[in-house]
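The structure under discussion appears below in the form of C-alpha cells.
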Number of protein chains: 2
Amino acid sequence: MSGALKDAAIRVERPAKTLRELALDKVREAIVNGYFRPGDRLVERDLCAQLGVSRTVVREVLRHLESEGLVANLPNKGPIVAQLDIEEAKQIYEIRGALEGMAARLCAERGSPEIVAALEESLTAIRNSYRDQDMAGVLANTSSFYQTLFTMVDRHVAWGVVNLLTVRINHLRSMTIKTERRGIEGPAQMSKIVDAIRRGDGEGAQRAAMDHVAAASAIAEAVLSAQKPAE
Amino acid sequence: MSGALKDAAIRVERPAKTLRELALDKVREAIVNGYFRPGDRLVERDLCAQLGVSRTVVREVLRHLESEGLVANLPNKGPIVAQLDIEEAKQIYEIRGALEGMAARLCAERGSPEIVAALEESLTAIRNSYRDQDMAGVLANTSSFYQTLFTMVDRHVAWGVVNLLTVRINHLRSMTIKTERRGIEGPAQMSKIVDAIRRGDGEGAQRAAMDHVAAASAIAEAVLSAQKPAE
DNA sequence: AATCGTATTATGGCCTACCAAATACTGTAG
DNA sequence: CTACAGTATTTGGTAGGCCATAATACGATT
C-alpha cells in the first residue's frame, strides 16, 4: 500500500468553485429547465441583480453559454436564450447516434463484465424512475447510462461532446421522455444495447444505440413540429 | 433576377466584429500557430498590454478559449495554453473519423454531381499546394474539402464540432502533413473517398473517410510519442 | 546550519463607476 | 395621424481598485 494512495484519500477537496462557476451553473440550469424560455432576452444588469454578482461575472457567464450554444448574441441588442430549430435538433440527434454507436461498439468489443454490470445498474435505475414518474430521475440516470458507455472505454472527449450537444436539446429530451409508451420502449431499446454488448456483438451494439437515438429523434421531431405552429 | 439577390450582393458586410471577437481570433491564432506554446502561462495583464484591450475583454476571450479546450485554467494559478496529450489526440481523431465517415456516406447516398465536382476542386487545390510546398495552403484546402463534405449535405452542426476539435490538434496536423510520403498518400486516400461518393457507394465512402483519418492519427501518434521524451 | 515564520510580490477573482454608440420608446408639433 | 426630435435602455468597452492566495525572498531563532 502506497503513500500516494493514502494521500489521495486524505486530500482535502475544497469546494473551490469560483463565483463565476456557480453563476454559470445557475444560469445554465435556469435555461435548461425552462425558467428562461427560448427567445427571452438576458439583460446583463437584470442578471446581476438576480444572481447577486457583478457585470464582470455575468458577462463571462454569458460568453461561456454562448460558446456552448445555449445563448445567442444579437449584435447591438444583446444575448437571448437560443432558439432550437428542428433542423438543428435532428443534426444533434444524428451526431449523438454516431458517437453513442461508436462507444457501444467499443464496449462490446472490450467484452468486460464490469461494463455490462454498470450499464444494467443504470438501466434498473431508469426503470425505477419511470415507475415512480420521476422524470428528472429518468434524465439523470439516462445520462449516467451513457456516461458509463463512454467512460468505461475511456472516451472522455466524445462524452464531453455529447454532453455539450445534449444540453442544447435538454428540454426536448424531457418532452420525449414523457411521451406515451416511451417508458416501455426506451428502456427496452437500451436493454438491446446491453444485450449486444454482453454478446460481444459490436455491430449489433452500434446498431442498437443508433436505433435508440433515432427513435428519440423521431419523437422529438413530432413534438417540435406539433408545437411550432401553436406559437 | 430578384431584388433579394441584388440586396445580398450589395449588402455592406460590416466588419461589425466586436473588439472581443478580434481579440479572440488573434489569441486563438497565436496559440494555434505556436506563438504561445503549450504550457505557457497567459497572464491577463500581459495580454491586455499585448492586445491593447482591457482586462474585461481579455478575460472573456480566455473564458471562450477555455471552453474550446485551447486553454486550461489551473485553480489559483491562472490560465495556461492547454497541453495536448497523446490519448486526447487519438480520441479527437477517432471522433473525426466517425463524423467524417458519416458525412461521406451521406454525400454518397445523395449522389449529386455537384458534390463530386466541389470535392474534386478542393482535391486539386490540395495537390497543387503540396506541389508548391505550401503547407498552409494544404491545411486550408484540406479544411475546405471537409467543409464541403459536411455542408453539401447540410450538416452544419457536425462541421462545427469537427472544427472545434480540429483547432486543438492543429499543430499536430501541420506536422503530419509534412511527413514523408504524406503528400502522395493523403490525396490518394481522399481521392478514394471521392470515388466512392461518385459510385454512390455509401459504405465505401464511409470506410475510406475513416481510413484517411486513421492514417493521420497513426502518424500523429508517432510524431507525438517521438517528441514527448525529448522535452 | 537547518528550520520556521514573516514580508513582499505577482496574479487572479471580483467589484464599482464611467463613457460611447446603437436601439427602442415617447411625446409633441405640424 | 404622421414625422421627428429627444430620452431612456442596454450593450460594448475602459479604467482602476480591493482582496485573497501562492510563491518567493528574507530574516530570525534554535
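Residue numbers start from 1 in every chain, and the chains themselves are labelled A, B, ... in the order their sequence lines are given, proteins ahead of strands.
What separates CD1 of B:Ile80 from C1' of D:dA22 is a distance of 16 Å, to the nearest Å. Look at NZ on A:Lys17: it is 13 Å from P on C:dC14, rounded to the nearest Å. Per the geometry, CD belonging to B:Glu21 stands 9 Å off P belonging to D:dG12, to the nearest Å. As rounded to whole Å, 17 Å separates atom P of C:dA17 from atom CD of A:Glu44. Protein atom CG of B:Leu24 is 12 Å distant from nucleotide atom P of D:dG13, rounded to whole Å. Distance A:Glu66 CD to D:dG12 C1': 13 Å, rounded to the nearest Å. One atom, CG of A:Leu47, and another, P of C:dC15, lie 14 Å apart when rounded to the nearest Å. Atoms CG (B:Asn73) and C1' (D:dA22) sit 15 Å apart, rounded to a whole Å.
Remark: B:Asn76 is not in phosphate contact with D:dT21, judged by side-chain N or O atoms under 4.0 Å from OP1 or OP2. In terms of phosphate contacts, A:Lys77 brings a side-chain nitrogen or oxygen within less than 4.0 Å of OP1 or OP2 of C:dA24. Applying the 4.0 Å criterion to OP1 and OP2 of D:dT10, one finds that A:Arg59 has every side-chain N and O outside that range. For D:dG13, the OP1/OP2 oxygens have a side-chain nitrogen or oxygen of B:Arg20 closer than 4.0 Å.
In terms of position along DNA chain C, the nucleotide closest to B:Arg41 lies nearer the 5' end than the nucleotide closest to the other residue of the pair A:Leu19 and B:Arg41. Taking the nucleotide of DNA chain D with the nearest heavy atom to each of B:Thr56 and A:Pro79, the more 5' of the two is matched to A:Pro79.
Contact annotation: side chain of B:Arg55 to base of D:dG13, donor-acceptor pair absent below 3.5 Å. At a cut-off of 3.5 angstrom, counting only N and O atoms as typed in the model, there is a donor on one side and an acceptor on the other between the side-chain of B:Arg45 and the base of C:dG12.
A salt bridge between A:Asp25 and A:Lys17 is present, with a side-chain N of the basic residue lying under 4.0 Å from a carboxylate O of the acidic one. For B:Lys26 and B:Glu29, the salt-bridge test fails: no basic side-chain N is under 4.0 Å from an acidic carboxylate O.
Using a 4.0 Å heavy-atom distance criterion, B:Leu62 is classed as making no nucleic acid contact. A:Leu42 comes within 4.0 angstrom of the backbone, heavy atoms only, and of no base.
For B:Glu120 (side chain) and B:Ala117 (main-chain N/O), no donor-acceptor pair under 3.5 Å exists by modelled atom type. Of the possible donor and acceptor atoms, one in the side chain of A:Asp40 sits under 3.5 Å from a partner among the backbone N and O of A:Arg37.
Across C:dT23, C:dC14, D:dT14, the shortest atom-to-atom separation from the side chain of A:Thr18 is found for C:dC14.
The closest side-chain donor-acceptor pair between B:Ser122 and B:Asn141, if any, does not fall under 3.5 angstrom.
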